[in-house]
Every structure is written in structure tokens, then in C-alpha cells.
Amino acid sequence: MTTNGQAMNGDRIILQLQGVQKSFGRLDVLRGVDLDIPRGSVTCVIGPSGSGKSTLLRCINLLERPTGGRVLFEGQDITAIRKEDELNAVRRRMGMVFQQFNLFPHKSVLENVCLAQEKVLGRDRSEARPRAEALLARVGLANKLNEFPERLSGGQQQRVAIARALAMDPHLMLFDEVTSALDPELVKEVLDVMKELAAEGMTMVVVTHEMNFAREVADEVVFMDGGVVVEQGPPREVLDNPQNERTKRFLGLVLEH
């Protein structure tokens, strides 16, 4: 019975963080984070600068290796993995989009989305190109295939970065403040793409300061401060009726603007 229950839970919960800690020297950035991410859900992580939000994302895909605790992804304790090829196989199932677009400036939009498919997944160009074209159309850039990144707006570049991550067929998408480097008028076009992904059932963990996006799209909002989860729950509870005084203070400042 227990085994079956655990299997069912593993099917439903795609990602589990158990007591995750991360220190840089004497600086404790994460101080024991526990979090369950159900498959097909959207979790928005909010909090002040320096609260550990971005470090948390980087620990999920082991760009930063936790100094304590465990990360279980699709039932596997990935913090126990030591071989780089096994680690890369896990990372291929997680897409990550950063604040900075990290596109290759000397390659066209189409080439940027094809490259990782070819190099990492081993797809040939005849397979990678149609997939890239379809994804670029999906993010509204079907007419920009042959442009180079410098000729695109910040919002367009970020949408290329999202298409590139999706081209790897991830089971989980991680977004790290993907609109923070954009001019305000370009934010909506990126958030609209993310809303569409959420509506299609993509599992997403989103570090964001866009409270309206969190209210509209998130299944769960997680408020972090000082390297711990202070409060979590549905948006209507955390954003509209927070129980913790620290959450109330943060939202009081953020929602005034």
C-alpha cells in the first residue's frame, strides 16, 4: 500500500524540495526550504531582493548544488547524482529562462532555437527546424526567423529564449524574473506567452515581481524572506489576505506601486 501511495504521489508531485539549504561561505542564502510542486501547476515565488528566490531556482536544476536537503524530480533524488552526463539528462527535462536572454548574437533567431536541439538532443536539422518554426510561431515570432537578436526588442528576445527552452520538450519550466530587464510596455507580450503555457498545462515555477500575473495565473504563491518560505497558499489567500506580518509589509510596499 505504501509503495503504491508513494508511486501515485510521485506521479502527481513532479518536484519536491526537502529541507533545501544553500550557503556561500558564511552566508546562508537558503535555510531549509520545503516545497511540493504538483504536475501541471503554476507556482509563483515572490519576496524581497536577497530572499533566496533565484538561488532556489538554481538549486532546483542544480546549477547551484544545495549544501543540505534534497531535490526530488519525477521521483528521483537528483541531489544524489554525481555523474555529469546523468545530471545533464535531468536538466534536459527542465527548461530555464533567465533575466538575461543569453541568445547567441551571431546566430539568427531560427538558429538559436535549433542549436540546442541539435547539440543536446541529437536532432538533425530536418527535425529541429520544423520544431523551432512551430515554437517561434507559437510565441508570435514567425516573421522573425532570419533576424539576429540585436534587431529584436527585449520582449522579442525573451520570447525567443522561451521558445528555445520549450524546444527541449521540458517537463518543468523555471522562470527567473524574466520581465525584470524589460521596458514596461514589453512586459505584457512575455507574460501573455507564459499565460498560454500555463493554460496548456505546463508545470511552471516562476520567480516574479508581477503580482497581477501571480494573482491571475498561479495555483500557489510562495512568499520567501531570509532564505525560508514564510507563507504559501492560493493567490487569494497570500496576496489578498496574508496572515504573516512580514508578508503584509512586503505586499503593502509592492502593491502601492
Side-chain angles (χ1 to χ4, degrees), residues 9 12-23 27-61 64 66 68-72 96-99 172-182 184 187-188 190-199 201-257:
N9 190 55
R12 188 177 70 83
I13 303 296
I14 190 171
L15 179 72
Q16 265 189 312
L17 307 184
Q18 300 178 342
V20 171
Q21 302 169 26
K22 179 62 183 178
S23 300
L27 179 63
D28 297 327
V29 178
L30 298 177
R31 297 188 293 122
V33 174
D34 297 297
L35 207 56
D36 287 354
I37 306 295
R39 193 179 298 276
S41 68
V42 178
T43 301
C44 284
V45 183
I46 64 172
S49 295
S51 58
K53 306 184 301 295
S54 293
T55 300
L56 183 72
L57 282 193
R58 294 174 70 86
C59 283
I60 288 173
N61 66 3
E64 297 287 354
R70 302 198 305 164
V71 178
L72 280 73
M96 186 157 181
V97 185
F98 299 88
Q99 294 178 31
L172 168 69
M173 285 285 287
L174 308 174
F175 294 89
D176 187 10
E177 294 277 20
V178 295
T179 60
S180 64
L182 301 179
V187 169
K188 182 179 182 299
V190 174
L191 293 181
D192 283 348
V193 169
M194 294 169 65
K195 288 176 186 176
E196 288 176 15
L197 290 177
M202 174 62 75
T203 310
M204 298 160 57
V205 180
V206 184
V207 169
T208 186
H209 60 276
E210 301 287 345
M211 297 301 147
N212 288 334
F213 174 83
R215 180 179 278 109
E216 185 179 341
V217 178
D219 297 293
E220 180 137 302
V221 173
V222 174
F223 173 66
M224 287 185 66
D225 190 34
V228 298
V229 174
V230 174
E231 190 165 351
Q232 67 185 93
R236 66 183 178 276
E237 292 179 11
V238 176
L239 298 180
D240 299 330
N241 189 30
Q243 300 303 300
N244 188 281
E245 285 302 319
R246 182 65 188 95
T247 316
K248 291 177 183 177
R249 277 203 316 278
F250 172 77
L251 292 171
L253 291 169
V254 170
L255 297 176
E256 283 176 3
H257 298 289

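Note that the numbering runs from 1 along the sequence shown for the chain.
Taking CG of Leu174 as the start and CE of Met96 as the end, the distance is 6.0 Å to the nearest 0.5 Å. In this structure, CZ in Arg31 is found 10.0 Å from OG in Ser23, a value given to the nearest 0.5 Å. The NZ atom of Lys248 sits 7.5 Å away from the CG atom of Asn241 when rounded to the nearest 0.5 Å. Here the CZ-CZ distance, from Arg39 to Arg12, works out to 11.0 Å after rounding to the nearest 0.5 Å. Considering CD1 of Ile37 and CG of Leu72, their distance stands at 13.0 Å, rounded to 0.5 Å. With values rounded to the nearest 0.5 angstrom, Leu172 atom CG is found 6.5 Å from Thr203 atom OG1.
Every pair passing salt bridge (Lys or Arg N to Asp or Glu O under 4.0 Å) that includes a residue from residues 216-226 is listed here, sequence neighbours excluded: Lys195-Glu216, Asp225-Arg246.
Taking every heavy atom of both residues into account, Gln99 and Glu177 meet most closely at CG-O, 3.3 Å. Heavy-atom minimum distance, Val42 versus Val217: CB-O, 3.8 Å. Across all non-hydrogen atoms, the minimal contact from Asp36 to Pro38 is O-CD, 3.5 Å. The two residues Val97 and Val178 have their closest heavy-atom pair at O-CG1, 3.4 Å. Of all heavy-atom pairs spanning Val238 and Gly233, the tightest one is CG2-N, 3.3 Å. Residues Met211 and Leu239 approach most closely at O-CD1, 3.9 Å, considering heavy atoms.
Residues Asp192 and Lys188 form a side-chain contact, since some pair of their non-hydrogen atoms from C-beta on lies under 4.5 Å apart. The closest side-chain heavy-atom distance from Val190 to Phe175 is not below 4.5 Å. Side-chain atoms of Lys22 and Val33, non-hydrogen and from C-beta on, never get closer than 4.5 Å to each other.
Of the options Met173, Met194, Glu196, a side chain to side chain contact (heavy atoms under 4.5 Å, CB included) to Met202 is made by Met173 and by none of the others.
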Identify each donor-acceptor pair in which a side-chain atom of residues 53-60 lies under 3.5 Å from a protein atom, sequence neighbours left out, and give them as a table.
unit_1, atom_1, unit_2, atom_2, d
Lys53, NZ, Gly47, O, 3.0
Lys53, NZ, Pro48, O, 3.0
Ser54, OG, Asp176, OD1, 2.7
Ser54, OG, Asp176, OD2, 3.1

Let me see the working for Phe223 and Leu251 under side-chain contact (heavy atoms from CB on, under 4.5 Å), right down to the final yes or no. CA-CA 10 Å; Phe223 173 66; Leu251 292 171; over 6 Å; no

Step by step, would you call Thr179 with Phe213 a side-chain contact (heavy atoms from CB on, under 4.5 Å)? CA-CA 11 Å; Thr179 60; Phe213 174 83; over 6 Å; no

Going through the distances and angles, do Asp240 and Arg215 end up as a side-chain contact (heavy atoms from CB on, under 4.5 Å)? CA-CA 9 Å; Asp240 299 330; Arg215 180 179 278 109; 2.8 Å; yes

Take Val205 and Val45, measure what side-chain contact (heavy atoms from CB on, under 4.5 Å) needs, and give me the verdict at the end. CA-CA 7 Å; Val205 180; Val45 183; 4.1 Å; yes

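Residues that satisfy the side-chain hydrogen bond (donor to acceptor under 3.5 Å, both in side chains) test with Glu64, not counting sequence neighbours, are absent from this structure.
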